[in-house]
Amino acid sequence: MISVEEALARVLDSVEVLDEEESPILDSLGRVLAEDITAPFDVPPRDNSAMDGYAVRAADTREASRERPRVLRVVDRVAAGAASGCRVEAGTAVRIMTGGPLPEGADSIVRFEGTDEALRSGPAAEIGIMTEVKPGWDVRYAGEDIARGSRVLKRGLVISPAEVGVLASLGRQTVKVIRRPRVAVLATGNELVNLGQPLDEGKIYNSNSYSLAALVSYYGAIPEILDVVRDSEDSLVARLREGISADMLLTSGGVSMGDYDVVKDVLAKQGKVSFWTVRMRPGKPVAFGMIKGVSKSGAEIKIPHLGLPGNPVSVMVTFELFARPALLKMMGRKDLARPLIEAVIEEDVVNTDGRRIFARAVVSQREGQYFARLTGPQGSGVLTSMTLANGLAIIPEDSAGVAAGDKVRVMMLDWRKKDLALAST
Ligand code: AMP
Ligand code: MG
């Protein structure tokens, strides 16, 4: 049995950052930018008004006041998107809307509130300026947001909604990003029934393919659910040769010590096993290696294969610990680890066999301190414990357990779930 760290290191060593592709900007959300973005022009492209008002020469507003307005001749009107053909000469003004390009000759804006416009009936040929402005007031200068030629976005960053907006402001329709990994998801087990089929005696629905495929999409990769294979080497080998085009293969089940646990044997015969037990609970039986198969185009291939356990909780926890960081690395991400926090555990947890326990926990915050309580029964088949948990409380392998009140580290899975989980108690 190897440690969680050792297992993760071996998985990460076996996967590479995938290649780049050109993607529509909306589909780049959450992905890693694979080019530096340099601005081909200024944003905004030209000086414009930050407010609705009058474009003027600041010198013309000197000593203007409510009592002694300075009257200017209105020579034009401009809206956003339009341009003024007129120049603002001394003694004149142009009525302008927010975003309207600053007319030549003007150097500042007087907001409507600073004029006597409200006192005049209808569009007037003259406007009384009732406040003094300085050059530059309420003007947005060309390049104020992004200067032409500057590097706005750096290769390697993870694209968030703000970056999508910046790309659009530069007129970009597509952008170069690291491609998403394709992940084949394959459940094994004679007991499994497909959704939509009746549940006969002794059978269970195949939930693992769905929780796994959902996790794969959740982290930005592309899942492909393959048909369930039965617990025989032949059935699995035949499936691998039927055509798999994926950057990673995730199987569930068939990796423990039972009579029908054929996955690790097939991995051993059709590839190379890197490890098949990890010192953790849940999820001790988890195998990893490079497995041989045939791609959809008929080529012999070798793909990284994580043989996850069959139990529905184990499959999700081992995905979090090994598959998620591997997929993130393939996607060009550098931040592979989940955030760890320190919390006070609210109940005893016993560790009987020297494995690292990842207990499903609900973390909440009170008086500046995190507290973690378990979700209830911790059996590795209790999938609803994952619906309640927002974190995994870590009980070290070299301890006999922890007592209520002890500090533990918690790997946070979902910060938002706390309110939901607390509301249901
Ligand atoms: P195994 O590791 O293959 O022995 O599977 C352990 C247990 O996990 C089985 O007895 C099933 O109860 C459960 N299990 C295995 N595969 C699935 C699956 N695809 N969906 C739901 N439960 C599963
Ligand atoms: Mg099985």
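Note that ligands are numbered from 1 as they come in the structure, with each ligand's atoms numbered from 1 the same way.
Within the listing of ligand 1, atoms 19 (N) sit less than 4.0 angstrom from a heavy atom of A187. The ligand atoms of ligand 1 that sit less than 4.0 angstrom from a heavy atom of G254 are 1 (P), 2 (O), 3 (O). Remark: ligand 1 atoms within the under-4.0 Å shell around heavy atoms of N206 are 18 (C), 19 (N), 20 (N). Every atom of ligand 1 is numbered from 1 in the order shown, and the set under 4.0 Å from a heavy atom of Y205 is 20 (N), 21 (C). Set against the non-hydrogen atoms of S256, the atoms of ligand 1 under 4.0 Å away are 2 (O), 4 (O).
Side-chain atoms of M386 and L413, non-hydrogen and from C-beta on, do get closer than 4.5 Å to each other.
Polar contact with ligand 1: present for N311 (N/O pair, distance under 3.5 Å). For the pair P312 and ligand 1, the shortest N or O to N or O distance does not fall below 3.5 Å.
The side-chain contact (heavy atoms from CB on, under 4.5 Å) with L102 is formed by just one residue from the set V139, V88, N48; it is V139.
What sits closest to atom 5 (O) of ligand 1 on the protein, heavy atoms only, is G310 CA, 3.5 Å. Distance from atom 17 (C) of ligand 1 to its nearest protein heavy atom, with residue and atom name: N208 ND2, 3.1 Å. Looking from atom 12 (O) of ligand 1 to the surrounding protein, the closest heavy atom is I204 CD1, 3.7 Å. Scanning all protein heavy atoms for the shortest distance to atom 21 (C) of ligand 1 gives S207 OG, 3.3 Å. Atom 10 (O) of ligand 1 has E191 OE2, 3.8 Å as its closest protein atom, hydrogens excluded (heavy atom only).
No donor-acceptor distance shorter than 3.5 angstrom exists from the side chain of E117 to the backbone of I127, with no hydrogens or angles considered. Proximity of a side-chain donor or acceptor of K134 to a complementary backbone N or O of A58 within less than 3.5 Å is not detected. Of the possible polar contacts, none joining the N190 side chain to the R230 backbone as a donor-acceptor pair under 3.5 Å is found.
Ring planes of Y219 and F319: parallel class, angle under 30° (limits at 30 and 60°).
In this structure, L8 and P325 approach most closely via the heavy-atom pair CD1-CG, 3.7 Å.
Between R148 and D42, none of the side-chain N atoms (NZ, or NE/NH1/NH2) sits under 4.0 Å from a carboxylate O, so this pair counts as no salt bridge. The pair E163-R172 does not meet the salt-bridge criterion, since no charged nitrogen lies less than 4.0 angstrom from a carboxylate oxygen.
Contact annotation for S252 and ligand 1: only side-chain heavy atoms (C-beta onward) come within less than 4.0 Å of the ligand. By the criterion of a heavy-atom distance under 4.0 Å, the side chain of D261, and not its backbone, is placed next to ligand 1. Of all the heavy atoms of L192, the ones lying under 4.0 Å from any atom of ligand 1 belong exclusively to the side chain. At a heavy-atom distance under 4.0 Å, no atom of V228 approaches ligand 1.
Within a 6.0 Å sphere centred on CZ of R409, heavy atoms belonging to other residues, nucleotides or ligands number 12 at most.
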